[in-house]
Amino acid sequence: MKVNKSWNWAANNRVNQRSALQFTGPNNETITLSGTVYSEITDGRVSIDLLERMADLSVPMPLIEGNGVPLGFFVLNNVDKTYTELNRNGTPRKIDFTIKLTKVDIPDFFSESAIKDIIDIIK
């Protein structure tokens with residue numbers, strides 16, 4: 001997991017001096033996750049397709065570490081997949097992937113239809 005955090009500083013030019021900087025707040029944190037899934041162990045294609053369907057809902061989702069620690073709400077920006085070790089029918093036995101997520105402020109609420117769509121996807 002690669003985490004990127006940065007902060008904004010607005011610059012105001014001054015005569016014969018360095019620019020005056022004023023802190024304007026944090027940028028959105030980004031997380032990049034890379035991994036490999038094997039079809040013999042788990043149906044990795046289905047898992048990655050599920051992430052893409054969740055992203056299509058355009059709703060921020062919570063990200064939780066494997067030990068249960070919540071990291072906040074994130075949106076999925078990008079999914080890169082590389083299929084290798086193909087079976088005779090062309091289905092991949094190995095999928096390398098990278099996903100990029102951006103942290104957003106906690107949504108005030110989820111609409112009833114958004115919750116229904118999320119539940120339908122994860123069933």
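Quantities reported herein were computed from a predicted structural model and do not represent experimental measurements. Note: hydrogens, waters and symmetry copies are ignored here, and every other heavy atom, side chains too, is used.
Remark: L63 engages I31, L71, F74, L101 in a side-chain contact (heavy atoms from CB on, under 4.5 Å) (not counting sequence neighbours). The side-chain hydrogen bond (donor to acceptor under 3.5 Å, both in side chains) test applied to N12 returns no partner, not counting sequence neighbours. A search for side-chain hydrogen bond (donor to acceptor under 3.5 Å, both in side chains) contacts involving T30 returns nothing, not counting sequence neighbours. Partners of T98 according to the side-chain hydrogen bond (donor to acceptor under 3.5 Å, both in side chains) rule, which considers only residues two or more places apart in sequence or in another chain, are S34. Partners of N4 by side-chain hydrogen bond (donor to acceptor under 3.5 Å, both in side chains), not counting sequence neighbours: none found.
Side-chain contact between K103 and V3: absent, with no pair of heavy atoms (C-beta onward) separated by less than 4.5 Å.
Note: the hydrophobic cluster containing I64 does not contain V104 (ILVMFWY, side chain heavy atoms under 4.5 Å, direct or indirect links). Hydrophobic clustering, with ILVMFWY side chains joined whenever heavy atoms are under 4.5 angstrom apart, keeps V69 apart from M61. With hydrophobic clusters built from ILVMFWY side chains whose heavy atoms lie under 4.5 angstrom apart, L33 shares a cluster with I95.
Taking NZ from K81 and CG from D96, the interatomic distance works out to 12.5 Å, rounded to the nearest 0.5 Å.
In this structure, a donor-acceptor pair under 3.5 Å is present between the side chains of T102 and N77.
The number of heavy-atom neighbours closer than 6.0 Å to CZ of R14, taken from other residues, nucleotides and ligands shown, is above 12. A 6.0 Å sphere centred on CG of N67 holds more than 12 heavy atoms belonging to other residues, nucleotides or ligands.
A donor-acceptor pair is defined here as one N or O able to donate and one able to accept, closer than 3.5 Å; no such pair exists between the side chain of N87 and the backbone of N89.
When hydrophobic side chains of Ile, Leu, Val, Met, Phe, Trp and Tyr are connected at separations under 4.5 Å, W9 ends up clustered with W7, L21, F23.
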